[in-house]
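The basis for the numbers below is simple: all heavy atoms, side chains too, and nothing from hydrogens, waters or symmetry mates.
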Amino acid sequence: LTERGLPCLQRGEPNVEDELRGGVTYRLCPRCARAVPIRSSERYCINDGSWLLEACPLCGSAITSPYTRFCSCCGLEFGKLETETTHSQH
């Protein structure tokens with residue numbers, strides 16, 4: 001454990017200390033808006049099977065909030081991508 005009580009990292013894992021300073025990015029389900037940290041191995045939503053977005057498909061900006069519904073840079077509504085993303089990735 002680290003001095004903050006966090007588990008020690010395995011080689012190749014994201015730096016938890018960086019995440020605590022605000023460096024966390026997320027994957028987001030365009031259908032149900034479920035978010036998981038980008039360091040997660042999940043690629044599909046466990047709720048509905050949709051492909052998880054790693055960044056805004058329009059401008060490429062990182063998803064920096066687990067509560068986001070729109071891209072903070074270009075304003076794209078992620079929920080409107082649900083049909084295209086779900087069907088084109090399977």
Side-chain angles (χ1 to χ4, degrees):
L1 293 177
T2 65
E3 64 184 71
R4 294 185 186 191
L6 298 171
C8 295
L9 297 174
Q10 298 295 319
R11 175 173 243 159
E13 288 185 0
N15 185 329
V16 174
E17 296 296 321
D18 286 344
E19 291 184 8
L20 290 173
R21 287 190 291 263
V24 181
T25 57
Y26 297 89
R27 288 188 183 97
L28 180 72
C29 175
R31 179 180 283 174
C32 73
R34 179 177 174 270
V36 297
I38 199 84
R39 67 185 176 123
S40 166
S41 62
E42 293 178 45
R43 297 295 185 259
Y44 294 91
C45 181
I46 61 171
N47 293 333
D48 55 44
S50 296
W51 179 258
L52 298 174
L53 300 173
E54 293 189 7
C56 175
L58 187 60
C59 72
S61 294
I63 298 170
T64 57
S65 170
Y67 308 106
T68 194
R69 301 296 173 261
F70 298 87
C71 177
S72 61
C73 291
C74 71
L76 179 68
E77 184 176 356
F78 295 131
K80 293 204 180 261
L81 300 172
E82 182 270 321
T83 303
E84 289 176 32
T85 307
T86 302
H87 297 295
S88 65
Q89 297 294 328
H90 289 286

The criterion is side-chain contact (heavy atoms from CB on, under 4.5 Å); which residues satisfy it with Glu42, sequence neighbours excluded?
Arg34, Val36, Ser40, Ile46, Leu52

State, with a plain yes or no, whether a side-chain heavy atom of [X] is found less than 4.5 Å away from one of [Y].
X: Ser50; Y: Cys32; answer: no
X: Phe78; Y: Cys56; answer: yes
X: Leu76; Y: Pro57; answer: yes

Looking at every heavy atom in both Ala35 and Leu28, which two are closest together, and how far apart are they?
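Minimum heavy-atom separation between Ala35 and Leu28: CB-CD1, 4.2 Å.
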
Heavy-atom pair with the smallest gap, counting every atom of Cys73 and Cys59:
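Of all heavy-atom pairs spanning Cys73 and Cys59, the closest is CB-SG, 4.0 Å.
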
Within this structure, what is the [atom1]-[atom2] distance for the pair [X] and [Y], rounded to the nearest 0.5 Å?
X: Cys29; Y: Asp48; atom1: SG; atom2: CG; result: 4.0 Å
X: Tyr26; Y: Ile38; atom1: OH; atom2: CD1; result: 10.5 Å
X: Glu77; Y: Leu58; atom1: CD; atom2: CG; result: 13.0 Å

Arg27 side chain to Glu54 backbone, donor-acceptor under 3.5 Å:
no

Suppose the criterion is side-chain hydrogen bond (donor to acceptor under 3.5 Å, both in side chains): which pairs have a residue in residues 58-68, not counting sequence neighbours?
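Applying side-chain hydrogen bond (donor to acceptor under 3.5 Å, both in side chains) to every pair that reaches into residues 58-68, excluding sequence neighbours, yields nothing.
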
